[in-house]
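As structure tokens, the structure follows; a few thoughts come after it.
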Amino acid sequence: MVEVKRKSNEPISAMLRRFTEILKKEKKLERAKEIRFKQKPKSKERIKKEALLRKARQAQREYFKKLGILK
């Protein structure tokens with residue numbers, strides 16, 4: 001855990017700047033973001049289903065363009 005104590009006559013903004021610099025050096029923030037936003041790899045089945053959905057939507061879009069509903 002990172003701990004920063006305020007020096008005498010030090011403004012809060014300077015203390016926060018020191019704190020963020022320490023976090024950057026220790027790469028704590030990077031690691032926290034990796035953990036928070038990590039996405040599981042998609043399964044092959046899911047990839048295929050998404051591809052089929054995209055194809056179906058594209059075919060429907062082209063059909064509507066031919067009918068003149070979409071431009």
Side-chain angles (χ1 to χ4, degrees):
M1 178 180 271
V2 178
E3 190 175 318
V4 177
K5 292 187 179 179
R6 189 173 171 206
K7 297 177 182 176
S8 60
N9 297 329
E10 181 182 29
I12 298 287
S13 59
M15 185 186 73
L16 283 172
R17 195 174 314 116
R18 277 192 307 122
F19 177 73
T20 55
E21 286 300 316
I22 291 170
L23 284 178
K24 284 181 185 175
K25 284 180 186 174
E26 294 184 7
K27 297 188 178 182
K28 297 272 186 181
L29 238 136
E30 260 182 52
R31 181 70 183 131
K33 285 182 181 177
E34 282 177 11
I35 292 169
R36 184 174 177 197
F37 297 110
K38 184 177 180 179
Q39 294 179 351
K40 293 182 181 177
K42 293 182 180 179
S43 66
K44 289 183 180 182
E45 184 180 334
R46 185 172 175 187
I47 292 170
K48 287 178 184 178
K49 281 183 181 179
E50 289 175 355
L52 287 172
L53 278 172
R54 275 194 309 273
K55 270 195 160 184
R57 284 190 202 123
Q58 184 180 9
Q60 189 178 28
R61 201 175 305 120
E62 287 176 6
Y63 176 72
F64 285 145
K65 279 184 182 181
K66 284 182 183 178
L67 289 179
I69 297 172
L70 289 177
K71 292 184 179 183

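Evaluation of the salt bridge (charged side-chain N to carboxylate O under 4.0 Å, His left out) test over residues 1-10, restricted to residues two or more places apart or in two chains, returns E10-R18.
Taking CG of L52 as the start and CZ of R57 as the end, the distance is 11.0 Å to the nearest 0.5 Å. Note: E62 CD to K65 NZ = 7.0 Å, rounded to the nearest 0.5 Å.
Under a 4.5 Å side-chain heavy-atom cut-off, the cluster of Ile, Leu, Val, Met, Phe, Trp and Tyr residues that includes F19 is completed by V2, V4, M15, I22, L23, L29.
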Under 3.5 Å, which donor-acceptor pairs link side chains of residues 31-45 to any protein atom two or more places apart or in another chain?
from : atom 1 : to  : atom 2 : distance (Å)
R31  : NH1    : E34 : OE1    : 3.4
K42  : NZ     : E50 : OE1    : 3.0
S43  : OG     : R46 : N      : 3.2

